[in-house]
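Everything on this sheet refers to the single structure shown next.
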Amino acid sequence: MDVETELRSRDGIASLTALRETGLSDYQLRRAKEAGLIKTVRPGWVSSTGADRMKVKAVRAGVVLSCVTVLAREGLWVRDASTVHVAAPPHSGHVRAGNAVVHWNRPIVPRDPDACEDNLVNALVIAASCLTPEDAVAVWESAMNKQRVTASELSRLPLPAAARAVLEEARPFADSGLETFLPRRLRWMNLPMVQQAWILGKPVDLLIGDRLIIQIDGGHHVGEQRTKDIEFDALLKLNGYHVIRVGYDQVINRWPEVQAMIMAAVAQGLHLAA
């Protein structure tokens, strides 16, 4: 194993302790530094050319990437990850992390001292307190839907109150945060609602009552996918279902209009079987 290959497997940054544990010698590390292949980020840490810049900044500040930053990097549904979030030990004192949001907390899962980013569970727990309840449930459901975590394993952890409340509500059925938002925002109507209900050989995003279907278009509903969606909507209508299809902007920025459409459909009894 050589220094460059090992660093490449770690996004270009690692602690000297971690590198030595792989069998790399101080001689190899010194030669790599003399050759300009690696440089010191801070005492005990080195990086290579092309290293993950977010990790480099975190290590330099003495923190780990966490919360929505880790969740977005893991491919989970996050409404906004434009601001970097990091975590630090609760009594670590002042942290210079630029414009990043710093979470001082005691992790549920012990943090590897040689890690640059937080454990997924720790990130979820922090997000439960950082985000609005709606967004927190959405990202937890995304993690469950992608089978990254299960409600069973999370329930056995000593979760703080905010995380425990999110866990009680989260279910593994939503493919995206938009699918989390709808049933949550409509539960005041006290109507039967089923996420990912299987109808005519395919799942629909939300079935209200017997016949009212809400389909939600994300960014991938274009081209061939859009054509298939239109064909399926027609099939549903021919079989007696009423379909309301909405997009991201409508759900996020124009929710009152969406809710008004659904309320009007319910008022007309379109959710009831003929």
Side-chain angles (χ1 to χ4, degrees), residues 54-55 57-58 61 63-90 92 95 97-109 111 115-151 153-155 157-188 195 205-206 216 218-219 246-256 258-259:
M54 293 182 73
K55 286 188 174 183
K57 289 181 179 180
V63 296
V64 295
L65 301 176
S66 193
C67 193
V68 295
T69 298
V70 165
L71 301 177
R73 285 165 65 94
E74 290 287 336
L76 302 185
W77 195 94
V78 177
R79 190 195 303 223
D80 182 9
S82 58
T83 300
V84 176
H85 288 237
V86 300
S92 59
V95 172
N99 296 323
V101 175
V102 182
H103 298 280
W104 283 272
N105 84 314
R106 193 178 305 280
I108 297 297
V109 178
R111 288 191 181 113
C116 306
E117 57 185 340
D118 222 344
N119 173 279
L120 179 65
V121 170
N122 289 337
L124 286 169
V125 170
I126 291 175
S129 297
C130 175
L131 302 177
T132 65
E134 180 176 73
D135 281 353
V137 171
V139 72
W140 278 54
E141 291 195 341
S142 178
M144 291 178 178
N145 180 265
K146 294 180 183 296
Q147 300 181 343
R148 301 299 306 279
V149 294
T150 66
E153 67 175 294
L154 292 171
S155 67
L157 296 172
L159 300 176
R164 183 67 59 182
V166 173
L167 176 60
E168 290 177 0
E169 186 175 341
R171 299 292 182 269
F173 307 119
D175 285 333
S176 74
L178 302 182
E179 292 181 26
T180 294
F181 294 165
L182 258 71
R184 197 174 190 277
R185 293 177 180 181
L186 295 171
R187 62 189 177 190
W188 62 270
Q195 291 177 270
D205 294 332
L206 182 65
I216 310 165
V246 296
Y248 180 93
D249 179 66
Q250 289 173 286
V251 176
I252 298 299
N253 301 317
R254 296 157 53 196
W255 173 249
V258 175
Q259 180 171 275

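These numbers come from a predicted model, not from an experiment. Both backbone and side-chain heavy atoms feed into the values below; hydrogens, waters and symmetry mates do not.
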In chain order, what residues pass the side chain to side chain donor-acceptor pair (under 3.5 Å) check against Thr69, with sequence neighbours excluded?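 With sequence neighbours excluded, Thr69 shows a side chain to side chain donor-acceptor pair (under 3.5 Å) to no residue whatsoever.
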
State which residues pass side chain to side chain donor-acceptor pair (under 3.5 Å) with Glu74; sequence neighbours excluded, sorted by chain then number. Arg148

Of all heavy-atom pairs between [X] and [Y], which one has the smallest distance, and what is that distance?
{"X": "Ala162", "Y": "Ser129", "value": "CB-OG, 3.5 Å"}
{"X": "Gly177", "Y": "Ala138", "value": "CA-CB, 3.8 Å"}
{"X": "Ala170", "Y": "Trp140", "value": "CB-CB, 4.2 Å"}
{"X": "Ala136", "Y": "Ala128", "value": "CB-CA, 4.0 Å"}
{"X": "Ala88", "Y": "Val102", "value": "CB-CG1, 4.4 Å"}
{"X": "Asn99", "Y": "Thr83", "value": "O-CG2, 3.9 Å"}

Would you mind reporting whether [Y] and [X] have side-chain heavy atoms less than 4.5 Å apart?
{"X": "Pro172", "Y": "Lys146", "value": "no"}
{"X": "Val121", "Y": "Leu154", "value": "yes"}
{"X": "Leu71", "Y": "Leu120", "value": "yes"}
{"X": "Leu186", "Y": "Leu206", "value": "yes"}
{"X": "Gln195", "Y": "Asp205", "value": "no"}
{"X": "Leu124", "Y": "Val166", "value": "no"}
{"X": "Glu134", "Y": "Arg185", "value": "yes"}
{"X": "Ile108", "Y": "Pro160", "value": "yes"}

Report the distance from atom [atom1] of [X] to atom [atom2] of [Y], rounding to the nearest 0.5 Å.
{"X": "Tyr248", "Y": "Asn253", "atom1": "OH", "atom2": "CG", "result": "7.0 Å"}
{"X": "Ile252", "Y": "Leu178", "atom1": "CD1", "atom2": "CG", "result": "5.5 Å"}
{"X": "Gln250", "Y": "Gln259", "atom1": "CD", "atom2": "CD", "result": "13.5 Å"}
{"X": "Cys67", "Y": "Ile126", "atom1": "SG", "atom2": "CD1", "result": "6.0 Å"}

Between Asp135 and Val68, is the side chain to side chain contact (heavy atoms under 4.5 Å, CB included) condition met? List the steps. CA-CA 10 Å; Asp135 281 353; Val68 295; over 6 Å; no

Looking only at atom types and distance, does a side-chain atom of Arg171 sit under 3.5 Å from a main-chain N or O of Glu168, one as donor and one as acceptor?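 Between the backbone of Glu168 and the side chain of Arg171 there is a qualifying donor-acceptor contact (under 3.5 Å).
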
All pairs passing ring-ring contact (aromatic ring centres under 6.0 Å, His included) where residues 69-88 contributes a residue, at least two apart: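 Found Trp77-Phe181, His85-His103.
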
What verdict does the side chain to side chain contact (heavy atoms under 4.5 Å, CB included) test give for Leu167 and Met144, after you've listed the backbone C-alpha separation in whole Å, the side-chain angles of each residue and the deciding distance to 0.1 Å? CA-CA 10 Å; Leu167 176 60; Met144 291 178 178; 3.7 Å; yes

Is it true that, when you exclude Gln147 itself, more than 12 heavy atoms of the residues, nucleotides or ligands shown sit nearer than 6.0 Å to its CD?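 Check fails, neighbour count at 12 or below.
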
Does Arg106 CZ have over 12 foreign heavy atoms under 6.0 Å away? no

Can a salt bridge be assigned to the pair Arg187 and Glu169 using a cut-off of 4.0 Å between side-chain N and carboxylate O?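 Answer for the salt bridge query: yes.
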
